[in-house]
Amino acid sequence: MSNTGFELFTDRNVVAMRVNGELNDLAATVSESDTVEPVTIDSADGLSILRHSAAHVTAQAVQSINPEAKLGIGPPITDGFYYDFDVAEPFTPDDLKAIEKAMDRIIRQGQRFQRRVVTEAEARAEFADEPYKLELIGLKGSASDGQDGESVEVGGAELTVYDNVDGKTGEIFWKDLCRGPHLPNTRMIGNGWKLQRNAAAYWRGSEKNKQLQRIYGTAWATKDELRAYLERQEEAAKRDHRKLGNELDLFSFPEEIGSGLAVFHPRGGIIRSEIENYMRQQLLKNGYELVNTPHITKGHLFEISQHLQWYKEGMFPAMHLDEERDAAGNVTRQGQDYYLKPMNCPMHNLIFRARGRSYRELPLRLAEFGTVYRYEKSGTLAGLTRVRGMTQDDAHIYVTAEQVKSEVASQLEFVLETLRGYGLNDFYLELSTKDPEKYVGDDDVWDEATETLRQVAAESGLELVSDPGGAAFYGPKISVQARDAIGRTWQLSTVQLDFNQPELFELEYTASDGTRQRPVMIHRALLGSIERFFAILLEHYAGAFPVWLAPVQVVGIPVAEAHEQYLGDIIGQLKKAGVRAELDASSERMQKKIRNAAKDKVPFQLIAGEEDMTNGSVSFRYRDGTQENGISVAVAIERIREAIDTKIQV
RNA sequence: GCCGCCCUAGCUCAGUCGGUAGAGCAUCUCACUCGUAAUGAGAAGGUCAAGAGUUCGAUUCUCUUGGGCGGCUCCA
């Protein structure tokens with residue numbers, strides 16, 4: 001006896017089913033021996049199916065408007081879907097509107113998604129006009145990298161086509177090569193969807209290939225969820241560090257200086273230096289030594305480190321200096337190429353080998369706020385999160401092989417403790433392992449090191465995600481991912497082993513038995529770059545920094561001019577106590593001053609008028625608009641100092 | 001780097017179907033002296049991103065360059 005999913009599940013929220021673990025359409029038949037589980041539309045699988053079905057509808061709509069459009073792929077993604085098309089002209093916003101309209105019609109029509117197994121020859125005949133589909137059919141059976149969404153088309157055990165048919169007449173409107181499964185019916189896409197934008201994307205993700213036009217959309221089980229999603233997007237846009245940086249006068253990117261090169265204004269500068277001060281204090285407490293190295297170097301250093309061999313495109317081009325020529329143009333004096341440094345490690349290696357090193361000195365931890373310059377492609381730059389000039393809180397730790405594990409473990413602990421100080425406390429770890437195509441060193445060494453990192457990660461008790469093939473060529477790495485206030489994750493700290501540079505730089509220490517040994521090198525960036533970390537904190541706090549980071553910690557607002565001197569004196573005392581306090585002595589009314597301070601997201605407003613003057617007190621107004629009147633000056637100062645010292649958010 | 005879109009006052013934005021521009025906020029001046037999110041009046045502020053082309057005339061159309069945004073690729 002066998003049944004279809006429709007017979008098994010009458011709940012309208014069930015859109016597909018798992019049969020023996022495999023996702024299937026509800027139209028599929030199952031036998032009694034099968035294990036069958038329902039997939040509801042609001043589950044992760046259900047949403048993927050919904051989104052993938054919406055992608056099909058997008059494609060049908062596009063081809064109904066422009067039959068010449070050739071189909072690429074159309075997989076579900078986080079929060080939505082996309083579909084790629086080869087079209088003569090890129091889509092315009094008006095095109096998207098027209099496509100949405102056509103989609104709406106298709107959805108209302110209630111077309112059924114009907115699965116059909118085909119042979120390769122049949123598929124080739126049916127999709128003779130779809131060159132990209134033909135390519136995918138050719139891919140079938142070859143290396144099944146599910147990477148760029150191909151697997152949603154041809155990733156199944158057999159080749160299948162999904163026909164979109166009229167629910168009553170069975171007339172076929174459209175079809176697509178697809179693994180499935182799909183919703184039973186387009187009507188189930190409902191009205192929780194929206195096309196969002198179009199952009200170009202390389203066919204199958206390679207910049208050697210042609211660029212197709214991609215349409216992005218989002219789709220949700222209900223209209224309310226769509227609305228909630230759009231609100232989240234809006235919230236994220238409000239926190240955009242580029243917008244806040246401008247509004248709060250923190251930093252800018254003057255066109256005269258160049259792309260990806262930021263200047264920090266006074267208010268951004270003070271936040272930046274607070275970040276650095278705290279960092280420095282943590283470093284010194286944890287056995288680091290602070291070093292300092294120049295921004296430029298002769299090219300030879302990067303020949304030793306092999307950066308000029310591997311990463312030259314990522315470096316600013318050479319400054320060719322000191323060359324001399326005679327009248328005939330012959331070189332009479334050989335010049336030198338100088339480069340801006342793209343990383344600090346080679347220079348730290350030179351500090352390590354500046355003199356003989358003993359095992360007694362290890363672990364040797366060299367830390368620096370090292371400013372580096374990288375020639376990132378223009379299209380990849382984004383605010384402070386991707387720049388061409390940045391300061392890394394960089395450290396290189398030289399250890400014996402036996403010390404690797406304990407050092408990585410203590411680094412991890414140190415990293416988490418420090419990040420918590422900045423108000424981040426939701427973390428998980430990612431372990432990046434060897435890229436079989438691109439690595440140096442022995443497999444044994446890699447395996448052992450990777451295992452060590454895995455153990456340390458496991459012992460931390462944090463969630464661990466693996467990132468196969470994500471390591472740099474010189475060693476595996478563990479990274480700390482942090483979730484911010486609105487749930488986005490950022491890769492922050494990295495702890496990375498390096499088997500390569502100690503070799504290249506012939507680093508050695510004298511072991512207890514008098515032999516010369518090669519140290520293991522650990523690269524450790526805690527904040528990544530100060531710029532990027534700054535951006536993350538700015539977005540995390542939406543500009544309302546905790547008191548210790550706030551550029552202006554206290555604004556004094558006199559009720560009228562007559563109270564300026566009284567309040568000015570209190571502000572003066574705060575300044576003496578090391579608080580960033582300002583008196584607003586402008587000619588505005590106090591209401592306006594309150595508004596201004598609120599817009600600047602100042603944590604404490606101190607207000608004083610007649611009443612306070614007579615009582616020797618002051619009134620607090622907090623960021624949330626609440627207030628507390630009649631606080632004695634001494635208590636007020638103490639309270640503010642404490643809020644700063646304990647790094648609390650207010 | 002690639003595809004598309006964008007660049008008007010310090011900021012946010014109007015506007016010009018080709019006849020060289022306007023608001024609000026910010027700034028400055030004056031008046032108001034005020035107890036919890038915008039007091040009023042006035043002034044000043046622009047080579048309409050830069051350069052070239054088409055045109056009697058370009059901020060507007062075309063091209064180039066710079067900068068930005070959304071993606072793709074990249075992210076040592």
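Basis for what follows: all heavy atoms, side chains included, without hydrogens, waters or symmetry-related copies.
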Within 45° of the axis and under 6.0 Å from the centre of the six-membered ring of A/Phe81, does NZ or CZ of A/Arg51 qualify? no
Under-4.0 Å side-chain N/O to phosphate OP1/OP2 contact, A/Arg621 with B/rA37: yes
May I have the distance from A/His241 (atom NE2) to B/rG68 (atom P), rounded to whole angstrom? 12 Å
N or O in side chain of A/Ser587 less than 4.0 angstrom from B/rU33 OP1/OP2: no
Identify the nucleotide, in any strand shown, that forms a Watson-Crick or G-U wobble pair with B/rC13, with both distances under 3.5 Å; if there is none, say none. B/rG22
Are A/Thr380 and B/rC74 close enough that a side-chain N or O sits under 4.0 Å from OP1 or OP2? no
Is it the case that the base of B/rG35 and the side chain of A/Ser619 share a donor-acceptor contact (distance under 3.5 Å, atom types as modelled)? yes
Do the side chain of A/Gln591 and the base of B/rU36 come within less than 3.5 angstrom through a donor-acceptor pair of N or O atoms? no
Pick base, sugar-phosphate or nothing for A/Tyr474, based on heavy-atom distances below 4.0 Å to the nucleic acid. sugar-phosphate
Distance test, side-chain N/O of A/Lys592 to OP1/OP2 of B/rA26, below 4.0 Å: yes
Between B/rG70 and A/Arg242, is there an OP1 or OP2 to side-chain N/O distance shorter than 4.0 Å? yes
Identity of whatever pairs with B/rU27 - Watson-Crick or G-U, under 3.5 angstrom: B/rA43
Answer with yes or no whether A/Tyr375 presents, from its side chain, a donor or acceptor under 3.5 Å of a partner atom in the base of B/rG1. no
Within the 4.0 Å heavy-atom criterion, would you say A/Glu610 contacts the bases, only the backbone, or no part of the nucleic acid? base
Less than 3.5 Å between a donor and an acceptor, one on the side chain of A/Asp612 and one on the base of B/rG35, is that the case here? yes
Check every strand shown and say whether A/Ser259 touches a base, only sugar-phosphate, or nothing at a heavy-atom separation below 4.0 Å. sugar-phosphate
Can you name the one residue among A/Asp393, A/Ile478, A/Val415, A/Leu527 that meets side chain to side chain contact (heavy atoms under 4.5 Å, CB included) with A/Ser493? A/Val415
Can you find an N or O donor on one side and an acceptor on the other, under 3.5 Å apart, linking the side chain of A/Glu207 with the base of B/rC72? no
Using Watson-Crick geometry (N1-N3 plus N6-O4 or O6-N4) or G-U wobble (N1-O2, O6-N3), each under 3.5 Å, B/rC69 is paired with B/rG4
By the Watson-Crick or G-U definition, both distances under 3.5 Å, B/rU33 is matched with none
Which sits closer to the 5' end of RNA chain B, A/Gly383 or A/Tyr311, going by the nucleotide each is nearest to? A/Gly383
Any side-chain N or O of A/Asn246 less than 4.0 Å from the OP1 or OP2 oxygen of B/rU12? yes
Check the angle between the aromatic planes of A/Phe251 and A/Phe264 and answer parallel, tilted or perpendicular using the 30° and 60° thresholds. tilted
Which nucleotide, if any, forms a Watson-Crick or G-U wobble pair with B/rA58, using both distances under 3.5 Å? none
In this structure, CG of A/Leu538 is separated from CD1 of A/Ile271 (nearest 0.5 Å) by 7.0 Å
Any-strand Watson-Crick or G-U partner of B/rA76, both distances under 3.5 Å: none
Answer yes or no: does atom OH of A/Tyr229 have more than 12 heavy-atom neighbours from other residues, nucleotides or ligands under 6.0 Å? yes
Assign A/Arg589 to base, sugar-phosphate, or nothing according to its heavy-atom contacts below 4.0 angstrom with the strands shown. base
For RNA chain B, whose closest nucleotide is more 5', that of A/Glu561 or that of A/Gly258? A/Glu561
Suppose you measure atom C1' in B/rC6 against the same atom in B/rG40; what distance do you get, rounded to whole Å? 38 Å
Distance between P atoms of B/rC2 and B/rU29 (Å, rounded): 50 Å
Would you say A/Tyr216 reaches B/rC72's phosphate, i.e. side-chain N/O to OP1/OP2 under 4.0 Å? yes
Mind checking A/Ala201 for me? I need base, sugar-phosphate or nothing, with any heavy atom below 4.0 Å counting as a touch. sugar-phosphate
Could you tell me whether A/Arg388 sits above the aromatic face of A/Tyr375, with NZ or CZ closer than 6.0 angstrom to the six-membered ring centre and within 45 degrees of the axis? yes
B/rG71 OP1/OP2 closer than 4.0 Å to side-chain N/O of A/Arg197: yes
